[in-house]
Protein chains: 2
Amino acid sequence: MDQVAGAIADPVRREILMMLREGRLSAGEIAGRFPISRPAVSRHLRVLRDSGLVRDELVGRRRFYVLDTGPLAGLAEWMALLARPSGWEHRLDALETEIHRTRRERRVHGTTDQAKENTA
Amino acid sequence: MDQVAGAIADPVRREILMMLREGRLSAGEIAGRFPISRPAVSRHLRVLRDSGLVRDELVGRRRFYVLDTGPLAGLAEWMALLARPSGWEHRLDALETEIHRTRRERRVHGTTDQAKENTA
DNA sequence: CGAAAGCGTAACCTACAGGTTACGCGTTAG
DNA sequence: CTAACGCGTAACCTGTAGGTTACGCTTTCG
């Protein structure tokens with residue numbers, strides 16, 4: 001959970017995650033949408049990979065990144081625990097169920113090309 | 001939300017927040033539970049105050065800190081948005097939930113002594 | 001096969017986060 | 001009134017996060 005919290009803390013990484021929400025993207029496609037250099041983005045992607053928030057799929061000479069919201073569950077649980085008397089934690093519960101549902105449907109994003117899976 | 005994410009990212013600050021869940025604590029009481037120096041804890045408290053996650057109450061020569069989970073809502077919403085499959089219907093849903101979010105008083109920790117409120 | 005595309009890694013630099021000690025200021029106690 | 005307490009701030013040091021350029025490896029294409 002520590003790694004997840006750290007990964008979330010950076011605005012560039014948060015934006016990358018939001019990009020990946022609409023489907024997988026190659027490293028170059030992601031880097032092209034930022035004003036910073038490609039290696040900088042590459043290292044942000046490495047942090048996200050280590051945290052488990054993204055998976056990568058090697059397709060030819062390209063590397064696609066896929067969002068994986070699973071690791072968010074731990075952080076969500078911590079937040080819910082912290083805010084127990086608050087009232088908005090119901091949305092966090094919803095988030096967790098959503099995460100589990102997404103876990104089942106993850107294969108929808110996978111298209112029909114072969115890819116060597118490189119999960120962190 | 002950026003400040004909240006940054007505040008959450010540090011393990012010491014997370015532990016402070018968990019401590020405050022059971023009631024307000026003075027700066028000295030908090031610092032006494034960590035192996036690091038008191039000024040270091042003081043600056044962690046400053047970060048938490050700036051993020052809005054804690055409020056402070058001056059009582060005599062002591063300064064009590066009180067948990068405020070309100071600012072977590074923004075981050076929670078972002079996480080929920082990320083975990084959902086992309087689509088504008090879901091965004092509307094989240095917006096609606098945010099608008100009707102309850103602002104009920106969190107007077108639970110407040111005891112009966114007078115205190116000058118110093119919210120960030 | 002040789003050249004170009006697509007990415008990650010290495011080496012390097014700078015800014016800042018997080019730690020320490022020294023200090024100052026307001027408040028309580030004696 | 002003076003001394004001690006409680007706490008924040010200033011000044012300083014160090015490790016690391018995040019940026020850059022240079023480079024190397026693998027895959028595709030002429």
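Convention: sequence-line order gives letters A, B, ...; per-chain numbering from 1. From a predicted model like this one, the values you see are computed outputs, not experimental measurements.
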Can you measure [X] atom [atom1] to [N] atom [atom2] for me and round it to whole angstrom units?
X: E29(B); N: dC5(D); atom1: CD; atom2: C1'; answer: 14 Å
X: F64(B); N: dG8(D); atom1: CZ; atom2: P; answer: 12 Å
X: L25(B); N: dC7(D); atom1: CG; atom2: P; answer: 11 Å
X: D10(B); N: dC16(C); atom1: CG; atom2: P; answer: 18 Å
X: L48(A); N: dG8(C); atom1: CG; atom2: P; answer: 12 Å
X: L45(A); N: dG19(D); atom1: CG; atom2: P; answer: 12 Å
X: R61(B); N: dG6(D); atom1: CZ; atom2: P; answer: 6 Å
X: L58(B); N: dC7(D); atom1: CG; atom2: P; answer: 10 Å

Quick one: does R13(B)'s side chain have a donor or acceptor within less than 3.5 Å of a partner on A7(B)'s backbone?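 Answer holds: yes.
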Supply the atom-to-atom distance D10(B) CG to L17(B) CG, rounded to the nearest 0.5 angstrom.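 Going from CG on D10(B) over to CG on L17(B), the span is 10.0 Å.
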Any chance you could measure W78(B), atom CH2, to D2(B), atom CG, to the nearest 0.5 Å?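 Interatomic distance, W78(B) CH2 to D2(B) CG, rounded to 0.5 Å: 11.0 Å.
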Hey, is the side chain of R63(A) pairing donor to acceptor with the base of dC7(C) inside 3.5 Å?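 Not at all, since no donor on one side and acceptor on the other fall under 3.5 Å apart.
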Exactly one of E57(A), R55(A), R49(A), E29(A) should register a side chain to side chain donor-acceptor pair (under 3.5 Å) with Y65(A). Which one does?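 Only one of E57(A), R55(A), R49(A), E29(A) forms a side chain to side chain donor-acceptor pair (under 3.5 Å) with Y65(A), namely R49(A).
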First encountered from the 5' end of DNA chain D, between R62(B) and G6(A):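 Of the two residues, R62(B) wins.
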Which protein N or O atoms sit under 3.5 Å from an N or O of nucleotides 20-22 of chain D?
| unit_1 | atom_1 | unit_2 | atom_2 | d |
| --- | --- | --- | --- | --- |
| dT20(D) | OP2 | S37(A) | N | 2.6 |
| dT20(D) | OP2 | S37(A) | OG | 2.5 |

Would one find a side-chain N or O of [X] under 4.0 angstrom from OP1 or OP2 of [N]?
X: S42(B); N: dG8(D); result: yes
X: Y65(A); N: dC7(C); result: no
X: S26(A); N: dG6(C); result: no
X: H44(B); N: dG19(C); result: yes

Can you tell if the side chain of L25(B) reaches within under 4.5 Å of the side chain of I16(B), non-hydrogen atoms only?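 L25(B) does not reach I16(B) side chain to side chain.
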Taking R24(B) as the fixed residue, which of D56(B), V66(B), L67(B) is the one that meets the side chain to side chain contact (heavy atoms under 4.5 Å, CB included) rule?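 Looking at D56(B), V66(B), L67(B), the match for R24(B) under the side chain to side chain contact (heavy atoms under 4.5 Å, CB included) is V66(B).
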Applying the side chain to side chain contact (heavy atoms under 4.5 Å, CB included) criterion to L53(A), which one of D68(A), I8(A), V47(A) satisfies it?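 Running side chain to side chain contact (heavy atoms under 4.5 Å, CB included) over D68(A), I8(A), V47(A) with L53(A) returns exactly one hit, I8(A).
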Which listed nucleotide (dG18(D), dG6(D), dG8(C)) is nearest to the side chain of A27(A)?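 For the A27(A) side chain, the nearest candidate turns out to be dG8(C).
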